[in-house]
Every structure is written in C-alpha cells, then in structure tokens.
Amino acid sequence: LIYVIVTLFGGPICAVFNSDPQLIETATGALPRFAWSFIFVALNLMVSAYLYSTKRTTHAVVLAALRCIVFNSAAILALPALFGGSVVWFTAGIAEALSAVCAVILLARSERSGIRFQ
C-alpha cells in the first residue's frame with residue numbers, strides 16, 4: 001500500500017518537505033526505487049518479532065545483525081561500485097530481500113526443532 005501511495009503521489013509528498021523543483025523531481029523518481037523495500041522490511045520485522053516472542057532470541061539477533069549490518073553494508077558498498085551510483089536507491093531493498101531469504105531459512109530451521117522455552 002505504501003509503495004502504491006509513494007508511486008502515485010510521490011511529487012506532492014516530496015513537495016511537503018522541500019520547495020526546490022529539481023530536488024522534488026529527483027526525490028520523486030527515487031522514491032519508488034526505494035519504497036519497494038518496505039515489503040521485505042515488513043516480512044523481516046514480523047519474523048523477527050515472532051522469533052523474539054517465542055524466546056528464540058539467538059535467531060532473532062542473527063536476523064537483526066544480517067539486516068542492519070551485514071547485508072545493508074555489503075549492498076551499499078558493493079552494488080554502486082559494480083553497477084554505478086544510480087543503483088544506490090535499490091540497495092536497501094536488495095539487502096532486505098536477502099535478509100528475508102535468511103529469515104525464512106532461520107524460521108524453518110527453528111520451527112523444525114520446535115519451540116523450547118527456557
């Protein structure tokens with residue numbers, strides 16, 4: 001829903017925060033490239049909250065470290081170097097998508113061994 005709103009109304013949203021037409025145009029073009037990451041952010045946050053709430057804190061901490069440090073840093077450093085500066089808007093989404101794959105794997109592995117409250 002947020003992605004659709006940002007794509008359809010990006011110009012007016014950006015205009016609320018700035019009055020420079022060139023900056024509004026740049027931000028309006030960049031918003032959809034960044035906003036698709038919200039889909040994976042939501043998935044990662046739900047899996048992380050579920051892992052924390054079922055006392056699988058090790059899995060949740062690993063997921064948080066992968067999301068915030070490992071994949072995010074790697075994407076920001078590697079992707080623009082490989083594909084140029086315009087890809088920087090996609091790095092958050094790519095990092096979150098990689099984290100989502102790891103989240104599903106962590107969840108499947110932890111569910112296989114069952115929930116153990118300690």
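Numbers here simply count residues along the sequence, with the first being 1.
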Cluster check Trp36, Leu45: I/L/V/M/F/W/Y, side chain < 4.5 angstrom
no
What heavy-atom pair brings Asn72 and Arg67 nearest, and what distance separates the two atoms?
CB-O, 3.5 Å
If you apply the rule side-chain contact (heavy atoms from CB on, under 4.5 Å), what do you find for Arg56 with Tyr50, and how did you get there?
CA-CA 9 Å; Arg56 292 178 266 186; Tyr50 174 73; 3.1 Å; yes
Verdict with supporting geometry, Val47 and Val104, side-chain contact (heavy atoms from CB on, under 4.5 Å):
CA-CA 8 Å; Val47 170; Val104 170; 5.8 Å; no
Show the numbers, then the answer: is there a side-chain contact (heavy atoms from CB on, under 4.5 Å) between Leu82 and Val87?
CA-CA 9 Å; Leu82 293 172; Val87 77; over 6 Å; no
Can you name the nearest heavy-atom pair linking Asn44 to Ala103, along with the distance?
OD1-CB, 3.8 Å
Return the minimal non-hydrogen interatomic distance between Ser37 and Gly93, and the atom names on each side.
CB-CA, 3.3 Å
For the hydrophobic clusters of this structure (ILVMFWY residues joined by side-chain heavy atoms under 4.5 Å, transitively), does one cluster hold both Val88 and Phe71?
no
Between Leu98 and Leu66, is there a side-chain heavy-atom distance shorter than 4.5 Å?
no
To the nearest 0.5 Å, what is the distance between OG (Ser99) and CG (Leu106)?
10.0 Å
Heavy-atom neighbours of Phe34 CZ exceed 12 at 6.0 Å:
no
Is the side chain of Ser73 donor-acceptor paired with the backbone N or O of Val70 at a distance under 3.5 Å, no angle test?
no
Report whether Phe40 and Leu79 are members of the same hydrophobic cluster (ILVMFWY, side-chain heavy atoms less than 4.5 Å apart, transitive linking).
yes
For the atom pair CG (Leu31) and OG1 (Thr26), what is the distance rounded to the nearest 0.5 Å?
11.0 Å
Same hydrophobic cluster for Ile94 and Leu43, using side-chain heavy-atom links shorter than 4.5 Å among ILVMFWY?
yes
How far apart are the closest heavy atoms of Pro32 and Val6, and which atoms are they?
N-CG1, 4.2 Å
Give a yes or no on whether Phe17 and Phe9 share a hydrophobic cluster (residues Ile, Leu, Val, Met, Phe, Trp, Tyr; joining criterion: side-chain heavy atoms under 4.5 Å apart).
yes
How far apart are the closest heavy atoms of Pro80 and Thr91, and which atoms are they?
CD-CG2, 4.2 Å
Do you know which two heavy atoms are closest between Ser110 and Leu51, and how far apart they sit?
OG-CD2, 3.8 Å
Which distance, rounded to the nearest 0.5 Å, do you find between the CG of Leu23 and the OG1 of Thr28?
9.0 Å
